[in-house]
Amino acid sequence: MFHLVISAKPTFNALKAVFFSLTFFICSKKKRGKEKTTANKFIKETQKMRALLSPESSSLYFTSINIVFRDPNPCRSRTSLYFLKRDGCCRLIRRKPRSTAVKAVLDSATIEELGLKESDMRNPAISSTYRRSMLPKPNQTVLEAQARICTGPTQTRPLSEEQAFKVLDTILRSVRGELKDEEQVSKAQIGAFFAGMTIRANSFPEETQWSEGERRAMNLFWPLLLRALPPDVIFIADPEGSIMGLGNSVGPQFIGNGTTEMRLVGALREILAGGHLGYEEVQGVLKDVLPLKFEDGKSTGVSESLLSAFLIGQRMNRETDRELKAYCLAFDDELGPAPVADVNSLTHYGEPYDGNTRFFRSTLFVAAVRSCYGESSLLHGVEWMPPKGGVTEEQMLNFMGANTNLSLHQAKKLIEDEEVGFAYLSQREARPSLYSLIGLREHIKKRPPLATTEKVQQFIRAKGKESIVAGFYHEGYEEPLLMLMKRRGVHSGLVVKGEEGALSMTTRLRSASTSKGFPVNYCSGFCSVGTETACKEDGVSHQSFRLEVNAMDYGFEPTDTPRTDRSVSKNIELGLAALHGQKGPAYDRIVLNAGIVDHLLGCDGAEDVTIALDRAREAIDSVKKGKCNLPQENPR
C-alpha cells in the first residue's frame, strides 16, 4: 500500500510534482558485469523520465511510500522507504510505517496559501480522478439511451416508450434552455443520439429498428423539436425529409456553414443512409476538422453535432478496411517524419486507451521485463479516456513521478538507452489532433473508429525488426487490426483478447459460461517469412497463426486474476512486488505475457516457448535476497 505525506511549505511546482505524482526510489543495485535487473530497469525508466521534468525549487518536502508485499501465508513483510529532497540533494531512509491506508495529507493552510480549491484536489491513486475537470459532463439520461441505440446492427437495444419519452423530453427542455449545467444535453450528445436513430430507421434489420414505443414518442415530440432544434440537428434527424413524415425541407436543403462543414455534410448524407466512404473522403474530413479548437468549453470550428454524428455513424455502419486505414494513417505526418531508433527490434504495444476498471494491467511491467534481454518496447496511450475511464499506463507513470510529456525524440533516446530500453508516449504529445477529441468522445458514449486505429500506431520507427501487439474484445475486429498492422509494414503482428479487452492474458481457468465470441487468451497474428507457401499482402509474405493460450500447458497453476478496481496504486503495488520476485498471480501474468508474446512475434531466442518463458522468469528472479542494497533503518 502507499502512504504519502507532504510537510513544510512547498511551492506550487514542487507540490504538483510530489502530491500528484509519487516519486519511486525503491533500491539501488550494484552492477555485476553487464547484468541488469528488471526492478532497477523499471526504476531507471521512471528516473530518466522524471529527469526531464521542469526543475523544482529548493523547498523541502517529504514523500513516503508504504509497499505491502502480500504473501500466501498470513505474515507480511512491509517496506517503508522515505525519500527526502532538499536543495537538489537526495537521501533515502527506511522506517516502519504508521499506516497501511492510501492517504494524502495536505494541511488546509497550505491549500489556502497556494490558492487551490478543495474541488480541484484529486486522489491520484484512483483512475476516475484523472478525468480533466474542465471537460463538461454529459447528461446521464441521454447518455444511457446512447449506450443502447448507438451501436451495431445486432447489438442495438431499442428504447421502451417510457424511456423514449424521457429522453426526448430531456432534449427538448435542454434546447429550450430549461436545463442548466450538467443537466444540459450537449450538442455532441444530440448529434450522436439522432444519428443513431436515423441510421437505425434507414438501414438496420427490423429487430433493431425503431420500436413502437420509440415511434409513438417521436410522433409526439417531433413537431415540438422541429421548432426548437438548430438546422444541423434537424438534418441529422431527417436528412431527406422522409423519416418523420411532416414534409420537412430543412434536412434536404442543409449544406452546412463554410467549406469544412460542406464536406462533412456531404459525407454524412452517405453515412446516415447506412453507406460507406472512400479513403480520401474520410481523411479529407478528419484533416479539415481536427484539431478541435475550443472557447469556454465550446467548439469554435465545426459543429459538434455533425462531427459526433460522423464518428458514431461510421462505427454503427461497421467500418470498411479503407475507412479504418484512413483513420489509422490520417495524422502520421502531423509532427513530421517518425524518428528512427537504432535498435535491433521494437515492439509497439497498443493497449485500449480507456484502461482497465477491474483487473491487473500488466503491460508496463512486461515491457520492463522484455527490455532486460534486449527487446525494446514503445507504449502509448492517454491519461484518461472514455468510455471506461480505467487505469492506464500514463496514470501509473504519473503516480510514480515519471515525465509523461516526452517528445518523440526524447522517447527515441530512452528506447536506445541500454539501461532503459522502453518508453511511453502520450497521445497528447504524439497526435495532438486526435487528443483534442477526448471530450467529444465522452459525449458520444460508444467507441468511435479511432478506438480501434489508435492502437496500431508507429510513433517511432526502428532500424531493426518492428512488431505491433494490440488488444481487442469484440469479435470481428481482430482481422481489421491485423490488416492495419500489415499496412504498417511491420515484421510481425499480434492481436490478443486479454482480460477486459486489454493485452493481459490470464492464468485463471476458463469459465464454463464464457462470453460470446472468442475466449479470453485468444491470439491471432502473423510473422513475415521468406517461404512462398505463406500468404502475400502488399508484396510481403506472411505466415499466419491463431490459437487459444492455455497457461496450464506451460506449467502455470490456475489463479484468479488480481482485482484492482480502478486503483492505480494497487496496480503498481502488484506489478512492483512481482518485479521484486514475489511469486503469485501478478508475477505469473507478467512472465506469461512476456514469454508468449516473444514467442509468437518470432523474437530472437524465443523460438522455443519454454525457453522464452524461462528467460522472462530469469529476468525477474535476478533480484534475489542479498543482491538489493536497501538502506538501513533510520536509528530514530
L494 and S467: side-chain contact (heavy atoms from CB on, under 4.5 Å), yes or no, with the steps?
CA-CA 8 Å; L494 175 65; S467 304; over 6 Å; no

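- For D565, the salt bridge (Lys or Arg N to Asp or Glu O under 4.0 Å) criterion is met by R563, not counting sequence neighbours.
- A salt bridge does not link R431 to E454: none of the charged side-chain nitrogens sits closer than 4.0 Å to a carboxylate oxygen.
- Partners of Q140 under the side-chain hydrogen bond (donor to acceptor under 3.5 Å, both in side chains) rule, at least two apart in sequence or in another chain, do not exist in this structure.
- Looking at heavy atoms from C-beta onward, L579 lies in side-chain contact with V369 at the 4.5 angstrom threshold.
- Within the 4.5 Å cutoff, no side-chain heavy atoms of R428 are placed close to those of V382.
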Pair E383-T404, side-chain contact (heavy atoms from CB on, under 4.5 Å): steps then yes or no:
CA-CA 9 Å; E383 188 174 48; T404 57; over 6 Å; no

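- Both the sub-6.0 Å distance and the 45° axial angle are not jointly satisfied by R508 relative to the ring of F360.
- W384 has its side chain out of reach of E394: every pair of non-hydrogen atoms, C-beta onward, lies at least 4.5 Å apart.
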Please list every donor-acceptor pair under 3.5 Å in which a side-chain atom of residues 307-316 meets a protein atom from a residue at least two apart or in another chain.
residue	atom	partner	partner atom	Å
S308	OG	A188	O	2.8
S308	OG	A192	N	3.4
S308	OG	E304	O	3.0
S308	OG	S305	O	3.1
Q314	OE1	Y327	OH	2.8
Q314	NE2	E323	OE2	2.8
R315	NE	E319	OE2	2.6
R315	NE	Y477	OH	3.1
R315	NH2	E319	OE2	3.1
R315	NH2	P448	O	3.3
R315	NH2	T452	OG1	2.9

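- L503 is not listed as a side-chain neighbour of N593, based on a closest heavy-atom distance of 4.5 Å or more.
- Ion pairing of E442 with K137 is absent here, as no side-chain N (NZ or NE/NH1/NH2) approaches a carboxylate O to less than 4.0 Å.
- Looking only at side-chain heavy atoms (C-beta outward), N356 and E499 stay at 4.5 Å or farther from each other.
- Contacts of E429 classified as side-chain hydrogen bond (donor to acceptor under 3.5 Å, both in side chains), with partners at least two apart in sequence or in another chain: none.
- Here F331 pairs with nothing under the ring pair (Phe, Tyr, Trp, His ring centres under 6.0 Å) rule; sequence neighbours left out.
- Side-chain contact between R589 and M505: absent, with no pair of heavy atoms (C-beta onward) separated by less than 4.5 Å.
- For the pair I438/M385, a side-chain contact is recorded, criterion being any heavy-atom separation below 4.5 Å from C-beta on.
- Residues forming a salt bridge (Lys or Arg N to Asp or Glu O under 4.0 Å) with K445 (at least two apart in sequence, or on another chain): none.
- When side chains are defined from C-beta on, R488 counts as touching D332, because their heavy atoms get closer than 4.5 Å.
- Qualifying ring pair (Phe, Tyr, Trp, His ring centres under 6.0 Å) partners for H443, counting only residues two or more places apart in sequence or in other chains: none.
- Residues that satisfy the side-chain hydrogen bond (donor to acceptor under 3.5 Å, both in side chains) test with S376, not counting sequence neighbours, are absent from this structure.
- For D560, there are no side-chain hydrogen bond (donor to acceptor under 3.5 Å, both in side chains) partners, not counting sequence neighbours.
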Between V391 and K570, is a side-chain contact (heavy atoms from CB on, under 4.5 Å) present by the stated rule, with each step listed?
CA-CA 10 Å; V391 174; K570 178 65 175 177; over 6 Å; no

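- In this structure F472 satisfies the ring pair (Phe, Tyr, Trp, His ring centres under 6.0 Å) test with no other residue, sequence neighbours excluded.
- Every salt bridge (Lys or Arg N to Asp or Glu O under 4.0 Å) that K388 has, sequence neighbours left out, goes to E500.
- With sequence neighbours left out, the salt bridge (Lys or Arg N to Asp or Glu O under 4.0 Å) criterion links R447 to D354.
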